[in-house]
Structures are given as structure tokens and as C-alpha cells.
Amino acid sequence: MSGGGHRATLFVLGALMYLVDANANKHVTSIASVSGGSLTNGLVGQNVHFRETNGAQFRERVASPLATQIAKHGTLFAPALSKIYVAFLVIFGIAAVVVPWLLPWPWYLKLLSFLVLITLWGWYFGLRGRICARAFGVTLFSPNGRETPLAGIKKKDLDHVICSTEFRSAEQVYFAGDFVYSYALGYGVPGNLSLASAVQASADFPGGFPPTVLSTKDLNFEGAPPPSAGGPPEAPAEMVLTDGGVYDNMGEQWARGFATRIKRCPNLDTGRIAPNQLVVVNASARIPWIPFRRRFLPLVGELMALLRVNNVMYINTTNVRRQAIVDSFNPADPTKASALPSTLVQITQSPFVVADAFATGTTKVAQRAREVQEFLKNGPSKDAWKKIASDNATVATSLGKFGTEVTARLIYQGYVVTMCNLYVLFGGDFGIDYPLIPGELSIERFRALIA
């Protein structure tokens, strides 16, 4: 499940709702997530056993509370402390810039007081990651008034894997209910780490939040490779983390690298089932044509160019990953086989896209595609679905409140596109049925989730 702020939180929620309604959830061995998708993943792990829940339980304990929270309050700015923090940040910033020059002091004391206040303001500004973690804890991850520990999402036969990126190793760190793992750091345990802190580290959007620093004291890492093989020169006292999407914004590397990872780390193999099918739910917005008008400004133009370079590199890494997923499996071409057949559910897609692509021919896949085309006649038109996809893909990457209509529309698209894509591409070919569920082509059911 990808990143993308609350846009991703809701879109992937729709995908999970479909898996539950289709009774396919009982086959799920892991749910891996990044950033906004980790809000959903963490809440699911906290509130239900995904493999054992049913549609009514999932709506009551996960879908309705999450949809209501985001529609009406959001997460980051919902608690009073967040509002107080922002208000004081603005007031303090103005005071730091203005007040020193109004004091009846010599110029050098004014300058000194200005530098001291700006430094203090910078320190205070750097606390926004902690404020975000606390907001996640208050709004989603404190069901009994106490923050849920990361260990609280451990479920039998199912891993909820929350992905972050470690700055120094430039690799993914995986947080789950009974382990913390990265190739460079080795295998550890969750210790006293809270679920909210792990999710915030996964959602540490560069520029929006500073890197998260987590102590490794209680994580008991072991089995790190030697420095010559990419390990640290000595056991680190802390992890320096940023958004999981910096390394892999679709969270798909957990499943795609599973076999290799358990060979490196036997501790991960205990009680885990290797996946034989991968569904990637991608709520990343398409990058539009962006004018670059500041290129002539000295220094500023170069800084903006550097930021654009980072964006281009990010776009191309995700493009390569998406293409690898598409190339891993083509149900109409048996020669395109893979050890892990994979498929994409994209926020930029109408549910017609995959069906239209495979509807020609006499294969089982073509037959299923035509059945989806017929099924979709009972809902919005092809043009209406194109507009829904376009509107959803351009929803801001935000942690604020979305309102009822946008919230319902994102869940609705996630549900229907997942249903149609999986029916066409996987059908029942892998021993798992992905049925077309009558009555799910109306958005009203998803509006009703919001209390």
C-alpha cells in the first residue's frame, strides 16, 4: 500500500474493504505500507485480525472510524496540541524577527538576541515530527486512552509491515509486531516503540518533517553484515529515518524481496508463509508538466533545480518499479511467468482500463474482462469514471480533513478498481476467488461509512 497522505489512506482502505467482502482476506500473509498507507495498515493491525474479520466487523472497527476521522477532522491538525503548536510557531517566528530590533539596545545586542531567538525558533520548528506522531497517537492509535505499542499489531499468520527509509544505509527499515529489520542493521525486536512512532517514521515526508531519530537501545539488533558488506562500522545507538517512499513508495519490496530476505535472516522465516501473489495498491499522483520559471535566479534557481532533480529521480524509481510489476505477470501470455505474479491497482485508473485492455479473444481472461465490462454498465459511465480517477489523483497529499464527498469517492474508487482488476487478472486461477459483488457500484455505501 503506497504513500500519498490521506489520499492513500482512503484509497487503500477501499482495496482492503473489497478483499474482506470477497472473503479473500483469509489468504493474506502480509500487508506492507508506506506513509499514508501506513495509517490504514496500523489501524487495521490494531483493531482487527485481518485474516479473520468479516465485512460488518471491518466496517465497524476500521472503515467507519477511519473515514469519519479523515472526513471531519483529519489527523495532524485534529488535536488541540497541534493547533497550539502551529499558533505559537507563527507568533514566536514573528517575535523573533521583529522584537530584537525594537529594543533600546546597541546594534550588536539586537543582532545577538535576534540570532538567539531564531535559533530557538528553529529548534521549536524541528519538533513538528514529534507533534505529528502524537497526533497520530491521539486520533488513531490510542483506543483505550493509552498509545498502542508496535508489538500490539502482531497477529498469527499475518504481518503488518510498516516501511521507513534509514538515511545512513539508504535502505528500507521494516517495522512489524514482532520484529524490526533492515539489511544494514540486522534483526531486532519492537521493544517499547509505539505504533504511532513507527507510522510517523514511515510518513516522514521530506521537507514536511525532519528526519525521525529513534533509539536502538531496546531494539536489540543482531546479525548486521560487516562494514565491507554494507553494515555499519559499529552498532548504531540510533536510527535516522525518513519517509518510506524515499526508498519504495509502493511498499512492494517487502513481498518481492521476501525469499532473499529470509535467506539472509533466518529469524524472519519462523512461522511465515512466502507470498505467491502480490497486489500493489498505488495512490501516488501522476506528476504533471511543471514549468520551471526560477532557473535564472542566482542560487535560488540552483536550489530549485536540485529539488527538481530529486523529484525526477523519485519519479523514475517508481516508474521502474511499476513497470517491473506489470512485466511480472500477463494472464493472457503464459510465457510471461513469474515466481510472484503481481498486479497494480492505480488511483489514475478507471475500472474500465484493465477490462478494456484484455476483452479481445477467447481466453478465460478475455471472458472475465467482458464480464467486467457488462458489470460496469450498472454504475457510472466510462466518462464519469475517468473524471472520478482524475479528481482523486489530484487530491492534495495532505494530513488535513477531506470532507464527506472526497473521502467517500477515494474509498469507492479503491474498492471498485481493486474488484475489477483482480477479477480480470487473477480470477480464480490461483485458488483464490475475486468475485464481482453486486450492489457495490454505488457511492452511497461509502458515504454511509462517515458517521
Run the numbers on Asp21 and Arg59 for salt bridge (Lys or Arg N to Asp or Glu O under 4.0 Å), then give the verdict.
CA-CA 10 Å; Asp21 287 349; Arg59 287 189 294 275; 3.7 Å; yes

Worked verdict on Ile443 versus Glu405 for side-chain contact (heavy atoms from CB on, under 4.5 Å)
CA-CA 9 Å; Ile443 197 173; Glu405 194 60 30; 4.0 Å; yes

Apply side-chain contact (heavy atoms from CB on, under 4.5 Å) to residues Trp385 and Phe352 and explain how you reach the verdict.
CA-CA 8 Å; Trp385 268 115; Phe352 283 94; 3.7 Å; yes

Stepwise, does the side-chain contact (heavy atoms from CB on, under 4.5 Å) test hold for Ser182 with Gln172?
CA-CA 6 Å; Ser182 82; Gln172 202 96 88; over 6 Å; no

Is there a side-chain contact (heavy atoms from CB on, under 4.5 Å) between Thr407 and Lys401 once you walk through the steps?
CA-CA 9 Å; Thr407 297; Lys401 64 181 179 180; over 6 Å; no

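Residues satisfying the side chain to side chain donor-acceptor pair (under 3.5 Å) criterion with Ser82, sequence neighbours excluded, are absent altogether. Applying the salt bridge (Lys or Arg N to Asp or Glu O under 4.0 Å) criterion to Glu374, with sequence neighbours excluded, gives Lys377. Every side chain to side chain donor-acceptor pair (under 3.5 Å) that Thr53 has, sequence neighbours left out, goes to Gln57. Applying the side-chain contact (heavy atoms from CB on, under 4.5 Å) criterion to Lys364, with sequence neighbours excluded, gives Arg368, Asp429. Legend: residues meeting side-chain contact (heavy atoms from CB on, under 4.5 Å) with His73, ordered by chain and number and at least two apart, are Gln69, Ala78. Shown here are the side chain to side chain donor-acceptor pair (under 3.5 Å) partners of Asn319, two or more places apart in sequence or in another chain: Arg322. When the side chain to side chain donor-acceptor pair (under 3.5 Å) test is applied to Glu52, no partner is found at least two apart in sequence or on another chain.
Of the possible polar contacts, none joining the Arg447 side chain to the Ala408 backbone as a donor-acceptor pair under 3.5 Å is found. Asn421 contributes no side-chain N or O that, together with a main-chain N or O of Val345, makes up a donor-acceptor pair within less than 3.5 Å. A donor-acceptor distance shorter than 3.5 angstrom exists from the side chain of Thr165 to the backbone of Asp243, with no hydrogens or angles considered. Asp433 places no side-chain N or O within donor-acceptor distance of the main-chain N or O of Pro435, the cut-off being under 3.5 Å. Between the side chain of Asp248 and the backbone N or O of Gln253 there is at least one donor-acceptor pair closer than 3.5 Å. With Arg51 contributing its side chain and Val28 its backbone, the two residues share a donor-acceptor pair below 3.5 Å. Of the possible donor and acceptor atoms, none in the side chain of Gln349 sits under 3.5 Å from a partner among the backbone N and O of Pro351. Ser164 places no side-chain N or O within 3.5 Å of a backbone atom of Leu241 that could act as its donor or acceptor partner. Between the side chain of Lys72 and the backbone N or O of Ala67 there is no donor-acceptor pair closer than 3.5 Å. Proximity of a side-chain donor or acceptor of Thr394 to a complementary backbone N or O of Ser390 within less than 3.5 Å is detected.
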Donor-acceptor pairs under 3.5 angstrom involving side-chain atoms of residues 148-156: please list them, not counting sequence neighbours.
residue : atom : partner : partner atom : Å
Thr148  : OG1  : Gln46   : OE1          : 2.6
Thr148  : OG1  : Phe141  : O            : 3.3
Lys155  : NZ   : Gly45   : O            : 2.4

What pairs of donor and acceptor atoms, side-chain ones from residues 125-136 against any protein atom, are under 3.5 angstrom apart with sequence neighbours left out?
residue : atom : partner : partner atom : Å
Arg128  : NE   : Gly208  : O            : 2.8
Arg128  : NH1  : Phe125  : O            : 2.8

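Residues Arg370 and Ala359 come closest through the heavy atom pair NH1-O, 2.7 Å. Considering every non-hydrogen atom in both Ala355 and Ala369, the closest pair reads O-CB, 3.3 Å. Pro206 and Val246 get closest at one heavy-atom pair: CG-CG2, 3.7 Å. Nearest heavy-atom pair, Gly251 versus Ala32, reported as atom, atom and distance to 0.1 Å: O-CB, 3.5 Å. Of all non-hydrogen atoms in Leu219 and Pro190, the two that sit nearest each other are CD2-O, 3.5 Å. The two residues Thr68 and Ala451 make their nearest non-hydrogen contact at OG1-N, 2.9 Å.
Using a cut-off of 4.0 Å between Lys/Arg side-chain N and Asp/Glu carboxylate O, Asp391 and Lys387 are scored as salt-bridged. With respect to Lys382 and Asp356, a salt bridge is recorded, a charged nitrogen being found less than 4.0 Å from a carboxylate O. Ion pair Arg264/Asp269 not flagged as a salt bridge, since none of the NZ, NE, NH1 or NH2 atoms sits closer than 4.0 Å to an Asp/Glu carboxylate oxygen.
Geometrically, Arg409 does not engage Phe446 in a cation-pi contact, judged by NZ or CZ lying under 6.0 Å from the ring centre and within 45° of the ring axis. Arg272 forms no cation-pi arrangement with Tyr181, by the criterion of a distance under 6.0 Å to the ring centre and an angle within 45° of the ring axis.
Side chain to side chain, Gln413 and Asn392 meet the donor-acceptor criterion of an N or O pair below 3.5 Å. No hydrogens or angles considered: a donor-acceptor pair under 3.5 Å links the side chains of Thr212 and Gln200. For the residue pair Asn282/Ser284, the side-chain donor-acceptor check at 3.5 Å is satisfied. In this structure, a donor-acceptor pair under 3.5 Å is absent between the side chains of Ser2 and Asn249. Looking only at atom types and distance, the side chain of Ser197 has a donor-acceptor partner in the side chain of Ser194 under 3.5 Å away. In summary, the side chains of Asn41 and Ser33 do present a donor paired with an acceptor at a separation below 3.5 Å, with no hydrogens or angles considered.
Dense packing is recorded around OH of Tyr247, with more than 12 heavy atoms of other residues, nucleotides or ligands lying under 6.0 Å away. Other residues, nucleotides and ligands contribute at most 12 non-hydrogen atoms within 6.0 Å of the CG atom of Asn192.
Applying the side chain to side chain donor-acceptor pair (under 3.5 Å) test to every pair with at least one member in residues 3-13, sequence neighbours left out, gives these pairs: His6-Thr75, Arg7-Thr397. Sorted by first and then second residue, the pairs that involve residues 43-64 and meet ring-ring contact (aromatic ring centres under 6.0 Å, His included), not counting sequence neighbours, are Phe50-Phe58. Screening residues 13-46 for ring-ring contact (aromatic ring centres under 6.0 Å, His included) gives Tyr18-Tyr415 as the qualifying pairs, with residues at least two apart or on separate chains.
Expressed to the nearest 0.5 Å, how far CZ of Arg256 lies from OG of Ser328 amounts to 5.5 Å. Rounded to the nearest 0.5 angstrom, Phe11 CZ and Tyr412 OH are separated by 13.0 Å. In this structure, the separation between OG1 on Thr404 and CG on Leu449 is 10.5 Å, given to the nearest 0.5 Å.
With Met1 as the fixed residue, the side chain to side chain contact (heavy atoms under 4.5 Å, CB included) test singles out one of Val44, Leu16, Leu13, Val279: Leu16.
For Phe430 and Phe426, the ring centers sit closer than 6.0 Å to each other. For Phe175 and Trp254, the gap between ring centers reaches or exceeds 6.0 Å.
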